[in-house]
**Q** 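Just passing along the structure, written as structure tokens.
Just so it is clear: chains get the letters A, B, ... in the order the sequence lines come, proteins before strands, and each one is counted from 1.
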2 protein chains.
Amino acid sequence: MADVARVAGVSHQTVSRVLNGAPHVRPDTRERVLAAIRELDYRPNSAARALVTRRSQTLGVVSFGSALYGPASMLDGIEQAARSAGYFVSVASLRSLDSRSVQEAVDRLRDQGVEGIVVIAPQISAVSAVAKVSSAVPLVAVGSGSRSPVPMVAVDNEAGALAATRHLLDLDHETVHHVAGPSGWLETKTREEGWRKALEAAGARVPQVQSGDWSARSGYEAGLRIAEDREVTAVFCANDHMALGLLRAFHEAGRSIPGDISVVGFDDIPEAAYFAPPLTTVRQPFGELGRRALELLVEELAGVGHARSHMLVSPEMVLRRSTGPAVRR
Amino acid sequence: MADVARVAGVSHQTVSRVLNGAPHVRPDTRERVLAAIRELDYRPNSAARALVTRRSQTLGVVSFGSALYGPASMLDGIEQAARSAGYFVSVASLRSLDSRSVQEAVDRLRDQGVEGIVVIAPQISAVSAVAKVSSAVPLVAVGSGSRSPVPMVAVDNEAGALAATRHLLDLDHETVHHVAGPSGWLETKTREEGWRKALEAAGARVPQVQSGDWSARSGYEAGLRIAEDREVTAVFCANDHMALGLLRAFHEAGRSIPGDISVVGFDDIPEAAYFAPPLTTVRQPFGELGRRALELLVEELAGVGHARSHMLVSPEMVLRRSTGPAVRR
DNA sequence: CCTTGTCATGTGATCGCGAACAAATACACT
DNA sequence: AGTGTATTTGTTCGCGATCACATGACAAGG
């Protein structure tokens, strides 16, 4: 910066003024400074600036399962929104979601000097970990349940699950089976609750829940078990990947879809429309969730306060060919 | 830091020594300092440290299509490796891969003070953009072609495509059709080359190529076109998502797989094993690619030089049920 | 003509840390 | 005891920016 000042024949302060768009700089001196900057290919040192302003221009993202479609999309949305808000994004992805790991990741980011943190933390333990995080920096959770103790943005899983289940009931299915996610996840819980409420509201029997781990493999295994029960005519699956495994298992068991069994998924991953058959599912706007979370965080940073600190986004049902009317026996 | 020094009754330099594990600190003073640090919950200011050491402990990742399985997995691998090497990771995801966007992203990261950059840049234009990037910081590309002008890590796409095609030829198919990726991608090019070479080596006819855009939708559309040609008995598809669309189209056209047509994909996404039927494909170890890229970058930072600056990882074929012997007519 | 206020620019201090050097202390060996 | 060397600690400076304040020039108003 001193070099630039020398070349432009001004003081370092004037260079700083030009850089920060401060008022009270005569147009021609501004030009001279800019010319000097170009000539020297000068780039401000962000560390120095961060040191004195106490602002790093950086936000942190703690993410879990970041290779999965949901988290990856959210991260993408977050980065996009952060950039347009003038922030950098630093990531810390977790291998496990225990309280210690979350705390560690948050600490790491804090040490790096991030101004705020978004936690992509869909697990119950993570939320409580986040809640415990004695963090001086603002923190927003995304994709976690509605009873999160920190500000958060999430899809209304319960409403989505309820709609999915009701869709099947409306097709005259006597009841709807459920393949849930792994225990400990907020999505697992809220989706199961939505399913249960829909059944209860309709006075339908509530069958036993099968549990998976979100993977197609686990859906396949659940499918094999379910296929043994010839009574089953409708299944609501807690995510699309498991639904894929389910379809595979039903196919192998010789059950036609939706002829014998109707299946609904959750997420609407891009491939869902090309499953065999195309999957009826509940769309989660992941990218938008990420963007909204970041907006919330930026608002907190700006000190807007906690005016709208819990944000539930309504998911949307996408009807495809994996669901059909129940066969009356 | 001054506070800590005061509480511990030492100078700030001694605190610094303890923090950096410098030698020549008496055990009991070290203890006093550590105690003071704990008492005050002191955290070093990374901006100040970066300012004086000229090292930000941060690496940048430029990524494209970061919601897709491949890039997301690589990013994940990169982050993991970076963390264990003691670096933070800052991401910049691109919406388009033109030279200007890439340059902008790289500049942004440089301005932030990253010490090195990994570019997840599978597009030809990106590679040339990267090559042009007049960057003072070390730069490594991952997942791009073998003729990249910067150090890079990639799967040997050509070998993978060749193996996939040969697998089909070995099953007695007269020739193998190809659904390629979008033009401009290195993967598209090298996979097509591998396919072509395998055909030529076997003296098989080289059919016209269908092009998609990696999405299941485009695979579906290509599949509809291919299904019209009753001569087709084998298709090598440049990625699994398109293969999924292909399977769907064939199913709708009443062609059985692998009875009428064999299909091979590329990537081995986790769902591929649950397609209908389970997909024979070529596995790319994305996470490992990311890790290796980061290791390469760290080596460059350490000044090990460009000893092994191009690293080709051999992909592995995964045989499943979407391929079978050609039906002799 | 002198005050007063606005613009335009410069000066010095400061952010928190580590590097270089200096000083003090401890230990070893005559 | 005296000298030399190794360990341990402290002092000063500077990294590259912003901030608070000072200064000079000029115009407007009395």
Side-chain angles (χ1 to χ4, degrees), chain A residues 1-37 39-58 86-88 107-115 136-137, chain B residues 1-37 39-58 86 88 107-108 110-115 136-137:
Chain A
M1 188 157 170
D3 296 344
V4 173
R6 201 171 310 119
V7 168
V10 296
S11 73
H12 65 114
Q13 181 60 274
T14 299
V15 177
S16 173
R17 286 193 181 99
V18 171
L19 248 34
N20 296 297
H24 307 317
V25 177
R26 222 175 347 182
D28 61 316
T29 48
R30 162 175 277 111
E31 274 316 314
R32 281 212 319 282
V33 170
L34 291 176
I37 288 176
E39 183 187 331
L40 302 176
D41 190 27
Y42 161 79
R43 322 193 147 240
N45 179 315
S46 61
R49 171 182 274 148
L51 180 57
V52 61
T53 59
R54 299 161 166 291
R55 303 202 48 207
S56 62
Q57 308 253 74
T58 302
Y87 287 98
F88 297 105
D107 282 348
R108 241 178 80 80
L109 291 172
R110 279 189 59 192
D111 289 348
Q112 196 198 1
V114 299
E115 295 178 36
V137 301
Chain B
M1 189 155 170
D3 295 346
V4 173
R6 203 172 307 119
V7 169
V10 296
S11 74
H12 72 106
Q13 183 59 266
T14 298
V15 178
S16 171
R17 287 195 181 96
V18 171
L19 249 32
N20 296 296
H24 307 317
V25 177
R26 225 176 346 185
D28 63 316
T29 48
R30 178 188 307 279
E31 274 316 314
R32 283 214 316 285
V33 170
L34 290 176
I37 287 175
E39 183 186 333
L40 301 177
D41 190 27
Y42 161 78
R43 321 195 147 238
N45 179 315
S46 62
R49 171 179 279 156
L51 181 57
V52 63
T53 60
R54 301 162 166 290
R55 304 203 43 206
S56 62
Q57 309 253 74
T58 303
F88 298 104
D107 282 348
R108 241 177 80 80
R110 281 189 58 191
D111 288 349
Q112 197 199 358
V114 299
E115 295 178 36
V137 302

**Q** Can you find a donor-acceptor pair, distance only, under 3.5 Å between A:Arg17 side chain and C:dG10 base?
**A** yes

**Q** For B:Asn45 and C:dC17, what is the distance between atoms CG and C1' respectively, to the nearest whole Å?
**A** 8 Å

**Q** Measure the distance from CG on B:Asp28 to P on C:dT25 and round it to the nearest whole Å.
**A** 15 Å

**Q** Under 3.5 Å, is there a donor-acceptor pair between the side chain of A:Gln57 and the main chain of A:Phe88?
**A** no

**Q** Rounded to whole angstrom units, what separation is found between the CZ atom of B:Arg26 and the C1' atom of C:dC27?
**A** 13 Å

**Q** On the nucleotide C:dA8, are OP1 or OP2 found under 4.0 Å from the side-chain N or O atoms that A:Thr14 carries?
**A** no

**Q** What is the separation between atom CZ on B:Arg49 and atom P on C:dC15, rounded to the nearest whole Å?
**A** 19 Å

**Q** Counting side-chain heavy atoms from C-beta on, which of C:dG12, C:dG18, C:dG10 comes nearest to A:His12?
**A** C:dG12

**Q** 5'-most contact on DNA chain D: B:His24 or B:Gln13, nearest heavy atom basis?
**A** B:His24

**Q** Counting side-chain heavy atoms from CB outward, which of C:dG18, C:dC15, C:dT9 is closest to B:Asn20?
**A** C:dG18

**Q** Quick check: do B:Arg43 and A:Asp107 have side-chain heavy atoms less than 4.5 Å from each other?
**A** yes

**Q** Take atom CD of B:Gln57 and atom P of C:dC17, then tell me their distance rounded to the nearest Å.
**A** 14 Å

**Q** Does some side-chain heavy atom of B:Glu115 sit less than 4.5 Å from a side-chain heavy atom of B:Arg55?
**A** yes

**Q** By nearest nucleotide on DNA chain C, pick out whichever of B:Ser46 and A:Arg30 is the more 5' one.
**A** A:Arg30

**Q** Flag the pair B:Val33 / B:Arg30 as yes when at least one side-chain heavy-atom distance between them is below 4.5 Å, and no otherwise.
**A** no

**Q** Answer yes or no: is there a side-chain heavy-atom contact under 4.5 Å between A:Arg32 and A:Thr14?
**A** no

**Q** Rounding to a whole Å, what distance do you find between B:Leu51:CG and C:dA19:P?
**A** 12 Å

**Q** With a 4.0 angstrom cut-off to heavy atoms of chain B, pull out the first and last contacting nucleotide of DNA chain D, in 5'-to-3' order.
**A** D:dT7 to D:dG16

**Q** In the structure I gave you, are the side-chain heavy atoms of B:Val18 and B:Thr29 within less than 4.5 Å of one another anywhere?
**A** no

**Q** Go through it in stages, so that I can follow the logic: the residues are A:Asp3 and A:Arg6, the test is salt bridge (charged side-chain N to carboxylate O under 4.0 Å, His left out), and I'd like the CA-CA distance, side-chain angles, deciding distance and then a yes or no.
**A** CA-CA 5 Å; A:Asp3 296 344; A:Arg6 201 171 310 119; 3.2 Å; yes

**Q** Output the rounded distance in Å from CG (B:Asp3) to C1' (C:dC17).
**A** 14 Å

**Q** Base, sugar-phosphate, or nothing: which does B:Pro44 touch, judged by heavy atoms less than 4.0 Å apart?
**A** sugar-phosphate

**Q** Could you tell me how far apart B:Leu19 (CG) and C:dG16 (P) are, to the nearest whole angstrom?
**A** 15 Å

**Q** With DNA chain D as reference, determine whether B:Val10 or B:Val52 sits nearer its 5' end, using the nearest nucleotide of each.
**A** B:Val10

